[in-house]
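Input: a single structure, listed below in C-alpha cells.
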Amino acid sequence: MTATTTTSAGEVLLAADGLTKSYAGADGELPVLAGVDLAVRTGEIVALLGRSGSGKSTLLRCLAGLIPPTTGEVRYKGRPLAGSNPGTAMVFQTFALLPWLTVQQNVELGLEARGVAPRRRTEAALQAIDLVGLDGFESAYPKELSGGMRQRVGFARALVVEPDVLLMDEPFSALDVLTAENLRGELVELWESGQFPTRAIVLVTHSIEEAVLLADRILVLGSRPGTIRAEYPVELPRPRQRDSKDFGALVDAVYAMMTGRDRDTAPAATPARRTPGNTPLPPASVDGLSGLAEILAEHPGPVDLGALADELGLEVKNLLPLVDALDLLGYATADRRGVALTDPGVEFAAADVQTSKHLFAATMDRIPLVHTILTSLQRTDDGTLRAGFFRDLLAHDYTAEQITGQLDIATDWGRYAELYSYDAIAEEYRLDPAQRTAARAVG
Ligand code: ADP
Ligand code: MG
C-alpha cells in the first residue's frame with residue numbers, strides 16, 4: 001500500500017497528449033475528442049467535468065487503455081500505452097457486477113485477471129472489502145445489496161488491485177442523494193487518511209458541486225468535439241462545506257463558464273446527444289412535477305430549495321427529483337440562487353389539462369427514453385412492442401431494478417402526453433392511434 005500525500009502534486013503518473021477520438025457513425029466519423037492534453041500527478045484528485053455526451057467516458061476509457069485513441073497518445077509513467085493500462089482500475093456508474101458471483105468473488109475477479117495466486121487473492125479481497133465497509137457481506141450476492149452497497153463492491157473491486165490511478169466514471173450518479181453523499185464523504189476520509197491504496201484519482205462527473213467537493217483540480221470538458229475548456233484548482237480545505245462562501249463562489253464561476261460557452265458554441269446540441277443510457281429519468285411523476293411547477297409559478301424569480309422544502313414540511317431530497325425533471329423538460333433552471341421556471345415552464349404551469357398535455361407532448365422529444373419508445377412503436381406494423389424489448393435496450397446501462405424504474409417513469413410521462421399506453425397484463429406498449437397517423441404522414 002502506498003500512502004498518499006495530498007499536499008503539492010508530485011510525479012506525473014498518467015498523461016494524455018494531443019488525444020483525439022472519433023467513432024465511426026452511419027454518416028461518417030463522429031469526432032468526440034479533439035486534442036486533449038492532461039497530466040495526472042501523484043497525490044491529486046482530478047475531476048473531469050462535462051455535460052452528458054461531452055466525451056468524458058470516452059476520455060476515461062482511453063486513459064484506461066480500454067479503447068485506443070484515434071490520434072495522440074496516453075502515457076503511464078512516461079511509457080505510451082499498448083493495450084490496457086496496468087496502472088489503473090475503473091469504477092463504473094452502473095456498478096457492472098456479475099450477478100452470479102458473490103461480493104468476494106466479484107472483488108477477486110480483477111486479481112484473477114492479473115494472474116494473482118488464489119491465496120493472495122482471497123487475502124487482498126478481504127482487505128479491500130473491509131476497507132470499503134462491507135465486512136460481513138463477503139458471501140452476499142449483488143441482488144441482495146442496496147445500490148450504495150453495490151457501489152462499495154465496485155470500489156473494492158477497483159481498489160483491490162492497488163492501482164496507481166483510480167478512474168471513476170460518475171460513480172455516484174446512480175445512487176440516491178443521501179447514499180451518494182455518504183459515499184463521497186467516506187471516499188474523502190479514506191483518501192485523507194493515507195490508507196487509500198492508490199496514488200491519484202480521476203473522477204468523471206457532470207455535477208459541478210461534486211467536482212468542487214472532491215477534486216484538487218477541475219478540468220472542464222466542452223462538447224462537440226470535446227476539448228479541455230478550462231481548468232480550476234480547488235484550494236478549499238477538507239472537509240469542504242457546501243454552504244461556505246468560497247465553495248459557492250467556485251461553483252458559480254464554473255457554472256457560468258459552462259453555460260456561457262456551451263451556449264455560444266453548441267446551440268441546441270445537447271438534446272440530440274442524449275440517449276436513454278446517459279440520461280436517466282428522475283423518479284418524478286407528472287403529477288409531482290406539475291405540482292412543483294405550479295408552486296414555483298407562485299414565486300417570481302429563483303426559489304431557494306431549502307426554504308421551499310421547509311415551507312412544505314419536506315426535505316430538499318424529496319424535491320430534487322422533481323426539480324431534475326423540470327430541468328430535463330426545459331421547464332425550470334436551477335443554480336445556486338435557486339430554481340426558477342422558464343417561459344415554457346410558466347406556460348405549462350398555467351395551462352388547463354388538455355393544453356398541458358399538448359405542451360408536455362411537445363417536450364417529449366427531449367426525453368430520450370420516451371422518444372425511443374415512441375419511435376420504436378411507430379416503426380412496428382401493429383403499434384405494439386413488448387416491454388422486454390425496451391428492457392433489453394436498457395440492460396447495458398442500468399440494473400434490472402433501475403430499468404423497471406426508468407420504464408415506469410417513461411410510461412407515466414408517455415401516457416400523460418398521449419403518445420402510447422402500457423398494458424401491464426400483456427406487458428406491452430401500445431402506440432396511441434393519433435401517433436400512428438402522425439408517423440404515416442411523416443414516413
Ligand atoms: P459522456 O460520458 O461525457 O456522456 P461519452 O464519452 O459517453 O460522453 O460519449 C460522447 C459521444 O460519443 C456521444 O455522442 C456518444 O453517443 C458517442 N459515443 C460514445 N461511445 C460510442 C461508441 N462506442 N460508438 C459510437 N459513438 C459513441
Ligand atoms: Mg459517460
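Using a distance-only test at 3.5 Å, with no hydrogens or angles considered, no donor-acceptor pair links the side chain of W413 to the main chain of L281. Not a single donor-acceptor pair under 3.5 Å links the side chain of T102 to the backbone N or O of A140. Distance alone, capped at 3.5 Å, is enough to place a donor-acceptor pair between the R240 side chain and the V212 backbone. No donor-acceptor distance shorter than 3.5 angstrom exists from the side chain of E162 to the backbone of F196, with no hydrogens or angles considered. Side chain of K56 to backbone of R51: a donor-acceptor contact under 3.5 angstrom is found. Side chain of N106 to backbone of L97: no donor-acceptor contact under 3.5 angstrom is found. Side-chain atoms of E138 come within 3.5 Å of backbone N or O of G136 as a donor-acceptor pair. Formation of a donor-acceptor pair under 3.5 Å by the R150 side chain with backbone atoms of P142 is found in this model. Judged by distance alone, the side chain of N278 and the main-chain N or O of T275 form a donor-acceptor pair under 3.5 Å. E427 places no side-chain N or O within donor-acceptor distance of the main-chain N or O of A424, the cut-off being under 3.5 Å.
Taking CE from M364 and OH from Y416, the interatomic distance works out to 10.5 Å, rounded to the nearest 0.5 Å. Taking CZ of R184 as the start and CD of E189 as the end, the distance is 14.5 Å to the nearest 0.5 Å. The OG1 atom of T88 lies 8.0 Å from the CG atom of L63; values are rounded to the nearest 0.5 Å. Annotation: the span from E210 atom CD to L214 atom CG amounts to 5.5 Å, rounded to 0.5 Å. Separation of atoms CZ (R242) and CG (L213) is listed at 5.0 Å; rounding is to 0.5 Å. Taking CD of Q402 as the reference point, atom CZ of F95 lies at 5.5 Å (rounded to 0.5 Å).
Contact record, A89 with V161: CB-CG2, 3.7 Å, taken as the closest heavy-atom pair. S376 approaches L385 most closely through the heavy-atom pair CB-CD1, 3.6 Å. Between L289 and A325, the closest heavy-atom pair is CD2-CB, 3.9 Å.
A donor atom on one side chain and an acceptor atom on the other are found under 3.5 Å apart for S57 and D169. There is a side-chain donor-acceptor pair under 3.5 Å between Y23 and T58. A side-chain N or O of E170 and one of S173 form a donor-acceptor pair less than 3.5 Å apart. T355 and D352 are linked by a side-chain donor-acceptor pair at a separation below 3.5 angstrom, with hydrogens and angles left out of the test. Side chains of N182 and T179: a donor-acceptor N/O pair is absent below 3.5 angstrom, by distance only.
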Residue pair F172, S207: steps toward the side-chain contact (heavy atoms from CB on, under 4.5 Å) verdict
CA-CA 10 Å; F172 308 109; S207 157; over 6 Å; no

Run the numbers on D432 and Q435 for side-chain contact (heavy atoms from CB on, under 4.5 Å), then give the verdict.
CA-CA 5 Å; D432 191 276; Q435 299 302 324; 4.0 Å; yes

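R430 is linked by a side chain to side chain contact (heavy atoms under 4.5 Å, CB included) to T384, S421, D423, A426, E428, counting only residues two or more places apart in sequence or in another chain.
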For residues 340-350, tabulate all N or O donor-acceptor pairs below 3.5 Å that involve a side-chain atom, not counting sequence neighbours.
unit_1	atom_1	unit_2	atom_2	d
T342	OG1	G330	O	2.6
T342	OG1	Y331	O	3.3
T342	OG1	G345	N	3.2

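Within a 6.0 Å radius of CD in E144, more than 12 heavy atoms belonging to other residues, nucleotides or ligands are found. Within 6.0 Å of atom CZ in R379, 12 or fewer heavy atoms from other residues, nucleotides or ligands are found, so the atom counts as exposed in its surroundings.
Both tests do not hold together for K357 against F360: distance to the six-membered ring centre under 6.0 Å, angle to the ring axis within 45°.
With respect to R157 and E108, no salt bridge is recorded, no charged nitrogen being found less than 4.0 Å from a carboxylate O.
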